[in-house]
Chemist: 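One structure coming up, written as structure tokens, with questions to follow.
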Amino acid sequence: MDEQHTHPAGPANGGLDPRAELSEFLRTRRARLKPGDVGLPDFGRHRRVPGLRREELAQLAGVSVAYYTRLEQGNGQNVSAEVLDSIARALRLTDAERSHLTHLAKPKRQKRKPVARTQQARPALRHLLESMDAVPAYVVGRRSEILAWNRMAAAVFGDWGRLPAQERNWARLVFLNPDYRELFVEWEQKAHDMVGYLRMDAGCHPDDPQLSSLVGELSVKSEEFRRLWAAHDVKEKSHGVKHVRHPLVGELTLLWESFRPAGDDTGQSLVTYFAEPGSPSAEALKLLCSWGADAMRAGADATAP
């Protein structure tokens, strides 16, 4: 039997509709699983839906088909934590996906207060950035907004101080600024990560009209963003490796770590980058440290025709 998908109408406050988000998230997680992945027989070309059927997922989770269907249609108000955990196990969700599912199905009640138009990095974090002379570091807030940075971050990623405040946003830079498509060797992975971070933010703050506006703008201006946003993948900031193609010193291999200040509920993170000691990238960072924020401009001038 073919399945029909319902999409509840969006909220009137200009935010993202958590019911629609819950519906699409569950549907896309179910669609990516094949019967063989969970020990069920696969009838191949005789199947009419991608991935698992609702009936199969409900059986794996130990709930009725009607109950799971209501949940996948966005009706998660009365779902218990135990049922969500069973569904998460059946769908083979990652830790980030489990957290996202909980936020969508059982959103926290938000106190009615105006959404701040601008975020601010705490003075202590700004002082910490200034003290990290040889380490590229910045503070990123909600909606991927770049709130503060040090001279080494400017040397590696560009002088964000020369941009209008609205453009100091990682999602806008990655999808709308062609310089950053050149800067990141693995641009596709960077783009996928950025959308995953925004999805996590949207799950925690579905009533944020500024986030909804950002998603709408990027959806209109970037086909890549539309495709990745429709996949409903989520990701939390943690750590990893980035390969950067710098116009002055060439390719850099940088390890990065993200830290959430203890007791901070603003969604801000401190992100730091470093290179393996003794590596060519470490030597290149030393050179950039001597140039400071002028490094990106100098590299651009050197490569200009």
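Treat the numbers as computed from the prediction; the structure is a model and nothing was measured.
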Chemist: Counting distance only, does the side-chain N/O of Thr28 pair as donor-acceptor with the main-chain N or O of Glu24 below 3.5 Å?
Modeler: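 Indeed, once roles are kept as given, a pair shorter than 3.5 Å links the two residues.
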Chemist: With a 4.0 Å cut-off on N to O distance, would you call Glu72 and Arg54 a salt bridge?
Modeler: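 Between Arg54 and Glu72 there is a salt bridge, with a charged N closer than 4.0 Å to a carboxylate O.
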Chemist: Shared ILVMFWY cluster between Val63 and Leu84, side chains joined below 4.5 angstrom?
Modeler: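 Val63 and Leu84: one cluster.
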Chemist: Find the distance between CG (Leu218) and OG (Ser144) and round it off to the nearest 0.5 Å.
Modeler: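 Between atom CG of Leu218 and atom OG of Ser144 there are 8.0 Å.
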Chemist: Within the structure provided, determine whether Glu276 and Leu255 are in side-chain contact (heavy-atom separation under 4.5 Å).
Modeler: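 Contact flag for Glu276/Leu255 side chains = yes.
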Chemist: Hey, can you tell me if Tyr138 and Trp160 have their rings parallel, tilted or perpendicular (30° and 60° cut-offs)?
Modeler: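 The arrangement is perpendicular - the two ring planes meet at more than 60°.
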Chemist: Among Arg32, Arg29, His100, find the one that has a side chain to side chain donor-acceptor pair (under 3.5 Å) with Asp233.
Modeler: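 With Asp233 as partner, Arg32, Arg29, His100 yield a single side chain to side chain donor-acceptor pair (under 3.5 Å), made by Arg29.
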Chemist: Any non-hydrogen side-chain atom of His243 less than 4.5 Å from a side-chain atom of Phe184?
Modeler: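 A side-chain contact under 4.5 Å is absent here.
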Chemist: Do you reckon Leu254 sits in the same ILVMFWY cluster as Leu287, going by side-chain contacts under 4.5 Å, direct or chained?
Modeler: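 Yes: a chain of side-chain contacts under 4.5 Å links Leu254 to Leu287.
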Chemist: Do the side chains of Tyr180 and Phe175 join up, straight or via other hydrophobic residues, at under 4.5 Å, putting them in one cluster?
Modeler: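 Looking at the clustering, Phe175 is in the same group as Tyr180.
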Chemist: Apply side-chain contact (heavy atoms from CB on, under 4.5 Å) to residues Leu211 and Asp201 and explain how you reach the verdict.
Modeler: CA-CA 8 Å; Leu211 177 58; Asp201 195 8; 4.2 Å; yes
Chemist: Between Asn150 and Ala153, which heavy-atom pair has the shortest distance, and what is it?
Modeler: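 Of all heavy-atom pairs spanning Asn150 and Ala153, the closest is OD1-N, 2.9 Å.
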Chemist: Are Phe25 and Glu97 packed together at the side-chain level, in the sense that at least one heavy-atom pair is separated by less than 4.5 angstrom?
Modeler: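 Of all side-chain heavy-atom pairs linking Glu97 with Phe25, at least one is under 4.5 Å.
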Chemist: Of the non-hydrogen atoms in Arg172 and Gln166, which two are nearest, and what is the gap between them?
Modeler: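 So the two residues come closest at NH1-O, 3.1 Å.
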Chemist: What closest approach, in Å, do Leu22 and Ala105 show between heavy atoms, and which atom pair accounts for it?
Modeler: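 For Leu22 and Ala105, the tightest heavy-atom pair comes out as CD2-CA, 4.1 Å.
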Chemist: If you measure from the Lys or Arg side-chain nitrogens to the Asp or Glu carboxylate oxygens, is any gap between Asp208 and Arg142 under 4.0 Å?
Modeler: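 Yes, Asp208 and Arg142 are salt-bridged.
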Chemist: Under 4.5 Å between any side-chain heavy atoms of Leu285 and Pro136, yes or no?
Modeler: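 A side-chain contact exists here, since the closest heavy-atom pair is under 4.5 Å.
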Chemist: Show the numbers, then the answer: is there a side-chain contact (heavy atoms from CB on, under 4.5 Å) between Leu125 and Gln268?
Modeler: CA-CA 10 Å; Leu125 285 179; Gln268 297 181 13; 4.1 Å; yes
Chemist: Side chain to side chain donor-acceptor pair (under 3.5 Å) with Lys221: which residues, sequence neighbours excluded?
Modeler: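 Scan of Lys221 (side chain to side chain donor-acceptor pair (under 3.5 Å), adjacent residues dropped) gives Glu217.
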Chemist: Donor-acceptor pair, distance only, cut-off 3.5 Å: does the side chain of Arg143 make one with the backbone of Gln210?
Modeler: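 Judged by distance alone, no pair lies under 3.5 Å.
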Chemist: Would you sort out whether Ser86 and Val83 count as a side-chain contact (heavy atoms from CB on, under 4.5 Å), showing the intermediate values?
Modeler: CA-CA 5 Å; Ser86 295; Val83 168; 5.6 Å; no
Chemist: Where the side chain of His103 meets the backbone of Arg98, is there a donor-acceptor pair that is under 3.5 Å apart?
Modeler: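 Pair absent, no side-chain N/O of His103 close to backbone of Arg98.
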Chemist: Check whether NZ of the Lys or CZ of the Arg Lys190 lies under 6.0 Å from the centre of the six-membered ring of Trp170 and within 45 degrees of that ring's axis.
Modeler: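 Satisfied, under 6.0 Å and within 45°.
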Chemist: As an exercise, state the distance from OG of Ser238 to CH2 of Trp256, rounded to the nearest 0.5 Å.
Modeler: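 Separation between the atoms: 5.0 Å.
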Chemist: Taking the side chain as C-beta and beyond, is there a heavy-atom pair between His232 and Glu21 under 4.5 Å?
Modeler: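 Heavy-atom side-chain distance check passes, below 4.5 Å.
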Chemist: Yes or no on side-chain hydrogen bond (donor to acceptor under 3.5 Å, both in side chains) for Ser219 and Arg226, after CA distance, side-chain angles and deciding distance?
Modeler: CA-CA 5 Å; Ser219 297; Arg226 287 196 303 275; over 6 Å; no
Chemist: According to a 4.5 Å side-chain heavy-atom criterion applied to Ile, Leu, Val, Met, Phe, Trp and Tyr, with indirect links allowed, do Leu173 and Phe225 form part of one hydrophobic cluster?
Modeler: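 Yes.
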Chemist: I need the Leu57 CG to Leu26 CG distance, nearest 0.5 Å.
Modeler: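 Separation between the atoms: 8.0 Å.
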Chemist: Other hydrophobic cluster members with Val65, side-chain heavy atoms of Ile/Leu/Val/Met/Phe/Trp/Tyr under 4.5 Å, chained?
Modeler: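 Direct or chained contacts put Val65 with none.
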Chemist: Out of curiosity, does Leu228 fall in the hydrophobic cluster containing Leu198 (side-chain heavy atoms, cut-off under 4.5 Å, transitive links)?
Modeler: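 Leu198 and Leu228: one cluster.
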Chemist: Please say whether the positively charged group of Arg181, taken as NZ for Lys or CZ for Arg, lies over the ring of Trp187, i.e. under 6.0 angstrom from the six-membered ring centre and within 45 degrees of the axis.
Modeler: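 Yes - Arg181 lies over the ring of Trp187, closer than 6.0 Å to its centre and within 45° of its axis.
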Chemist: Mind checking what makes side chain to side chain contact (heavy atoms under 4.5 Å, CB included) contact with Asn75, not counting sequence neighbours?
Modeler: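 Partners of Asn75 by the side chain to side chain contact (heavy atoms under 4.5 Å, CB included) criterion, ordered by chain and then number, come out as Arg19, Arg70, Gln73, Gln77.
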Chemist: Between Glu186 and Lys242, does any side-chain N to carboxylate O distance fall below 4.0 Å?
Modeler: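 Salt bridge between Glu186 and Lys242, a charged N being under 4.0 Å from a carboxylate O: no.
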Chemist: Counting N and O atoms only, with roles assigned by atom type, does the side chain of His246 sit under 3.5 Å from a partner on the main chain of Leu248, one being a donor and the other an acceptor?
Modeler: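 Checked: pair present.
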Chemist: With a 6.0 Å cut-off on ring centres, are Phe157 and Trp149 close enough?
Modeler: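 No, the ring of Phe157 stays outside the 6.0 Å limit from the ring of Trp149, centre to centre.
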Chemist: Check this for me: does any side-chain nitrogen of one of Arg53 and Glu55 sit under 4.0 Å from a carboxylate oxygen of the other?
Modeler: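 No, Arg53 and Glu55 are not salt-bridged.
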Chemist: Please give me the minimum heavy-atom distance between Ala121 and Ala148, naming the atom from each residue.
Modeler: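 Closest pair (atom of Ala121, atom of Ala148, distance): CB-CB, 4.0 Å.
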Chemist: Nearest 0.5 angstrom please: Leu183 CG to Arg245 CZ, how far?
Modeler: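 Answer for the CG-CZ pair, Leu183 versus Arg245, is 8.5 Å.
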Chemist: Would you say the side chain of Met132 lies within less than 4.5 Å of the side chain of Thr272, judging by non-hydrogen atoms?
Modeler: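 Yes; the side chains approach each other to less than 4.5 Å.
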Chemist: Any chance you could measure Arg122, atom CZ, to Leu147, atom CG, to the nearest 0.5 Å?
Modeler: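 CG of Leu147 is found 12.0 Å from CZ of Arg122.
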Chemist: Is the shortest side-chain heavy-atom distance between Val156 and Tyr273 below 4.5 Å?
Modeler: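 Answer no - side chains too far apart.
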Chemist: Report yes if some heavy atom in the side chain of Tyr68 is under 4.5 Å from a heavy atom in the side chain of Arg30; otherwise report no.
Modeler: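 Yes, side chains in contact.
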Chemist: Identify the heavy atoms of Met200 and Ser99 that sit nearest to each other, and give their distance.
Modeler: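 So the two residues come closest at CE-OG, 4.2 Å.
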Chemist: Looking only at heavy atoms, what is the nearest atom pair of Ser258 and Ser269, with distance?
Modeler: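 Smallest heavy-atom distance, with atoms named: OG-CB, 3.6 Å.
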Chemist: Taking atom CG of Leu252 and atom CD of Glu283, what is their separation to the nearest 0.5 Å?
Modeler: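 Rounded to the nearest 0.5 Å, the CG-CD separation comes to 12.0 Å.
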Chemist: Test Arg151 against Cys289 for side-chain contact (heavy atoms from CB on, under 4.5 Å), laying out the working first.
Modeler: CA-CA 8 Å; Arg151 63 190 297 271; Cys289 185; 4.0 Å; yes
